[in-house]
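Atoms within a ligand are numbered from 1 in the order they appear, just like the ligands themselves.
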Amino acid sequence: MSRKKILVTGGAGFIGGNFVQYMVKKYPAYDIYNLDFLTYAGDLTKHSEIEELENYYFLKADIADRDSIATLFKELKFDFVVHFAAESHVDRSITDPGIFVQTNVVGTQVLLDAAKQYGITKFVHVSTDEVYGDLEFDPTTFFTEVTPLQPNSPYSASKASSDLLVRAYHETFGLPMNITRCSNNYGPYHFPEKLIPLTISRVLNDQSVPVYGDGKNIRDWLHVLDHCSAIDLVMHEGVNGEVYNVGGHNERTNLEVVKAIIETLGKSEELIEYVTDRLGHDKRYAIDPTKLEQLGWNPTYTFETGIAQTIQWYIENKEWWEKIISGEYQTCFEKQYYK
Ligand code: NAD
Ligand code: TYD
């Protein structure tokens, strides 16, 4: 049996990076191609332990570069595409929406064209629950796969647009695909501009933690390794053309998350600094994962075990995040919160 070739786009980022490491180790008989343009969010040092492995390859390319992508698909003949590459930070999409359309919409369409032209077994499109818009603070309501798409931020609008293109290539051209929509991820190698790694890194450095508005917005937290196992399952067992929501019923207010981290690290809640609310700030996200559970998925982390593991990882890997909290990112952070 010939070796399977898996193209993972965005494999130098947070979730894609964890997925590449998970796949390289779990499937020695698969060749894993990490394609990434290495934007501010891409970092290859996280792969130092796997870069010498025979089943790992890195390709530097922009997913929106039609010629490069076509050449790679033609030469390498991928079996699966697992598409993570994106601009992913809501706050950045509020200050500069254009790159979100370019990468998330145009980039996805370029990949779809190449997949259609050169043929693949399946295209797994990694999307977000944010495409559904937001929910009221009513704990009995959840996003299901048939909730209408009502994105509120330029980020979620660009992701919803890419979801619709993936659906259209399936309906129109018969491209085999699945779309996954997951809740907020957290875990090792999370870029410290997002709430959890930002809070851990700032609390460890005795710096204030910016909480938007009153801190009562709710997110549904998913450990990144539970997300990786979900994508693995969907890639192999997902019914062609279906959408699967991924989430583990771990709803917390932002304030609960920040306070849990401060308490675990034995620091003072005086570090909390309430700052101006995000424009169009979504109130609540909450996933109903029944469909994926019926396919056979179960998360292994609770929020308590996952956050403890994540905090420990940030304590042990200070070098990694300190390197990132410098330069371009630091300037952007200060411009955003402390103008
Ligand atoms: P990330 O920002 O950490 O990583 C994105 C990666 O994509 C980076 O390595 C970056 O260099 C790469 N990239 C950006 N533009 C590119 C381009 N033009 N060509 C090639 N590579 C490019 O993002 P993440 O948090 O790992 O998210 C991965 C995917 O999961 C995204 O599609 C995101 O929408 C989705 N998602 C994330 C979350 C979350 O909580 N982080 C939740 C739901 C869905
Ligand atoms: P974030 O990690 O940016 O993810 P998303 O916007 O995709 O949900 O934010 C998670 C929540 O935390 C969101 O409600 C905004 C809030 N937040 C803060 O209160 N302070 C911060 O510094 C950041 C980055 C986010």
Side-chain angles (χ1 to χ4, degrees), residues 8-20 34-44 46 59-65 68-69 82-94 99-100 102-104 106-108 110-111 125-131 134 152-153 155-156 158-160 162-163 180-187 189-199 202 208-224 227 231 245-247 252-255 257-258 272-278 280-285 287 324 333 336-337:
V8 179
T9 71
F14 164 46
I15 309 174
N18 276 281
F19 185 71
V20 161
N34 169 12
L35 183 151
D36 201 292
F37 198 36
L38 299 180
T39 69
Y40 81 93
D43 154 58
L44 283 180
K46 60 170 66 104
L59 307 166
K60 185 171 181 200
D62 177 356
I63 54 166
D65 177 346
S68 301
I69 294 298
V82 186
H83 177 34
F84 295 91
E87 288 293 331
S88 69
H89 191 35
V90 173
D91 291 324
R92 287 179 186 256
S93 82
I94 294 169
I99 185 69
F100 284 72
Q102 176 63 16
T103 298
N104 300 0
V106 176
T108 299
V110 167
L111 287 171
H125 179 62
V126 180
S127 190
T128 166
D129 58 359
E130 301 188 29
V131 299
D134 67 351
N152 293 320
S153 72
Y155 162 68
S156 52
S158 68
K159 290 296 293 187
S162 63
D163 288 21
T180 59
R181 298 189 178 129
C182 66
S183 57
N184 287 61
N185 282 218
Y186 69 100
Y189 296 115
H190 202 182
F191 196 88
E193 67 181 351
K194 308 276 173 75
L195 181 68
I196 286 183
L198 177 114
T199 301
R202 288 187 70 84
S208 64
V209 180
V211 170
Y212 299 167
D214 59 12
K216 291 189 178 146
N217 302 60
I218 291 173
R219 297 294 182 265
D220 184 358
W221 294 97
L222 173 70
H223 192 279
V224 66
H227 189 192
I231 295 172
N245 284 351
V246 193
R252 297 287 185 285
T253 66
N254 293 337
L255 213 45
V257 169
V258 169
I272 295 173
E273 184 183 349
Y274 292 93
V275 299
T276 310
D277 208 355
R278 173 186 279 172
H281 196 171
D282 283 342
K283 287 191 281 293
R284 172 173 170 259
Y285 305 143
I287 285 273
I324 284 174
F333 179 84
Q336 198 164 315
Y337 302 114

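- Heavy-atom minimum distance, Leu111 versus Thr9: CD1-CG2, 3.9 Å.
- Residue contacts with ligand 2: Arg278 is placed with a nitrogen or oxygen under 3.5 Å of a nitrogen or oxygen of the ligand (distance criterion only).
- For His223, the ring pair (Phe, Tyr, Trp, His ring centres under 6.0 Å) partners are Tyr186, Tyr301, not counting sequence neighbours.
- Close N/O approach between Trp221 and ligand 2 is not found [any backbone or side-chain N/O within under 3.5 Å].
- Contacts between Glu130 and ligand 2 below 4.0 angstrom, taking non-hydrogen atoms only, involve the side chain exclusively.
- Atom numbering of ligand 2 starts at 1 in the shown order; those under 4.0 Å from a heavy atom of His89 are 3 (O).
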Note down each nitrogen or oxygen pair, ligand 1 side and protein side, whose separation is under 3.5 Å; give only atom names and the distance to 0.1 Å.
residue  : atom   : partner : partner atom : Å
ligand 1 : 2 (O)  : Ser88   : OG           : 2.7
ligand 1 : 3 (O)  : Phe14   : N            : 3.0
ligand 1 : 9 (O)  : Gly13   : N            : 2.9
ligand 1 : 9 (O)  : Asp36   : OD1          : 3.3
ligand 1 : 9 (O)  : Asp36   : OD2          : 2.6
ligand 1 : 11 (O) : Asp36   : OD1          : 2.6
ligand 1 : 11 (O) : Thr39   : N            : 3.0
ligand 1 : 11 (O) : Thr39   : OG1          : 3.1
ligand 1 : 18 (N) : Asp62   : OD1          : 2.8
ligand 1 : 19 (N) : Ile63   : N            : 3.0
ligand 1 : 21 (N) : Phe37   : N            : 3.1
ligand 1 : 23 (O) : Ser88   : OG           : 3.3
ligand 1 : 26 (O) : Phe14   : N            : 3.3
ligand 1 : 26 (O) : Ile15   : N            : 2.7
ligand 1 : 32 (O) : Phe84   : O            : 2.8
ligand 1 : 32 (O) : Lys159  : NZ           : 2.6
ligand 1 : 34 (O) : Tyr155  : OH           : 2.6
ligand 1 : 34 (O) : Lys159  : NZ           : 3.1
ligand 1 : 40 (O) : Asn185  : N            : 2.8

For this session: Might you work through the side chain to side chain contact (heavy atoms under 4.5 Å, CB included) test for Phe37 and Thr103, ending with a clear yes or no?
Result: CA-CA 10 Å; Phe37 198 36; Thr103 298; over 6 Å; no
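- Of the possible donor and acceptor atoms, one in the side chain of Lys46 sits under 3.5 Å from a partner among the backbone N and O of Ala12.
- In this structure, Arg219 has no side chain to side chain donor-acceptor pair (under 3.5 Å) partners at least two apart in sequence or on a different chain.
- Taking the side chain to side chain donor-acceptor pair (under 3.5 Å) definition, one finds that Asn245 meets it with Tyr132, sequence neighbours left out.
- Near Val211, meaning under 4.0 Å from any of its heavy atoms, are these atoms of ligand 2: 19 (O).
- In the vicinity of His281, heavy-atom distances shorter than 4.0 Å reach the ligand 2 atoms 13 (C), 14 (O), 15 (C).
- The shortest N or O to N or O distance between Asn254 and ligand 2 is under 3.5 Å.
- Minimum heavy-atom separation, Asn34 to Gly10: OD1-C, 4.3 Å.
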For this session: Just do the side chain to side chain contact (heavy atoms under 4.5 Å, CB included) check on Tyr212 and Asn217 with the steps written out, would you?
Result: CA-CA 9 Å; Tyr212 299 167; Asn217 302 60; over 6 Å; no
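- For ligand 2, none of its N or O atoms has an N or O atom of Leu198 under 3.5 Å away.
- Side-chain atoms of Tyr285 and Glu130 include a donor-acceptor pair closer than 3.5 Å.
- Considering both main-chain and side-chain atoms, Asp91 never comes within under 3.5 Å of ligand 2 through any nitrogen or oxygen pair.
- Under the 30°/60° scheme for interplanar angles, the aromatic rings of His125 and His83 are found to be tilted.
- Residue Tyr212 holds the heavy atom nearest to atom 18 (C) of ligand 2 of all those in Tyr155, Phe191, Tyr212, Tyr186.
- Between the side chain of Lys159 and the backbone N or O of Val126, at least one donor-acceptor pair lies under 3.5 Å.
- Near Glu193, meaning under 4.0 Å from one of its heavy atoms, ligand 2 places the atoms 24 (C).
- Near Asn184, with a cut-off below 4.0 Å to any heavy atom, the atoms of ligand 2 are 4 (O), 5 (P), 7 (O), 8 (O).
- Looking at Val209 against ligand 2, nothing comes within 4.0 Å, counting heavy atoms.
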For this session: Apply the test side chain to side chain contact (heavy atoms under 4.5 Å, CB included) to residues Lys60 and Leu38: give CA-CA distance (whole Å), side-chain angles for both, the deciding distance (0.1 Å), then the verdict.
Result: CA-CA 7 Å; Lys60 185 171 181 200; Leu38 299 180; 4.2 Å; yes
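- For the side-chain hydrogen bond (donor to acceptor under 3.5 Å, both in side chains) with Ser127, the qualifying choice from Asn104, Asp163, Thr180 is Asp163, the only one to do so.
- Within the model, atoms CG of Asn18 and CZ of Phe84 stand 9.0 Å from one another, a figure rounded to the nearest 0.5 Å.
- For ligand 2, the atoms sitting less than 4.0 Å from at least one non-hydrogen atom of Val90 are 6 (O), 7 (O), numbered in the order shown with element in parentheses.
- Heavy-atom distances between Tyr285 and ligand 2 reach below 4.0 Å in at least one pair.
- Counting atoms of ligand 2 from 1 in the listed order, those under 4.0 Å from a heavy atom of Pro210 are 18 (C), 19 (O), 20 (N), 21 (C), 22 (O).
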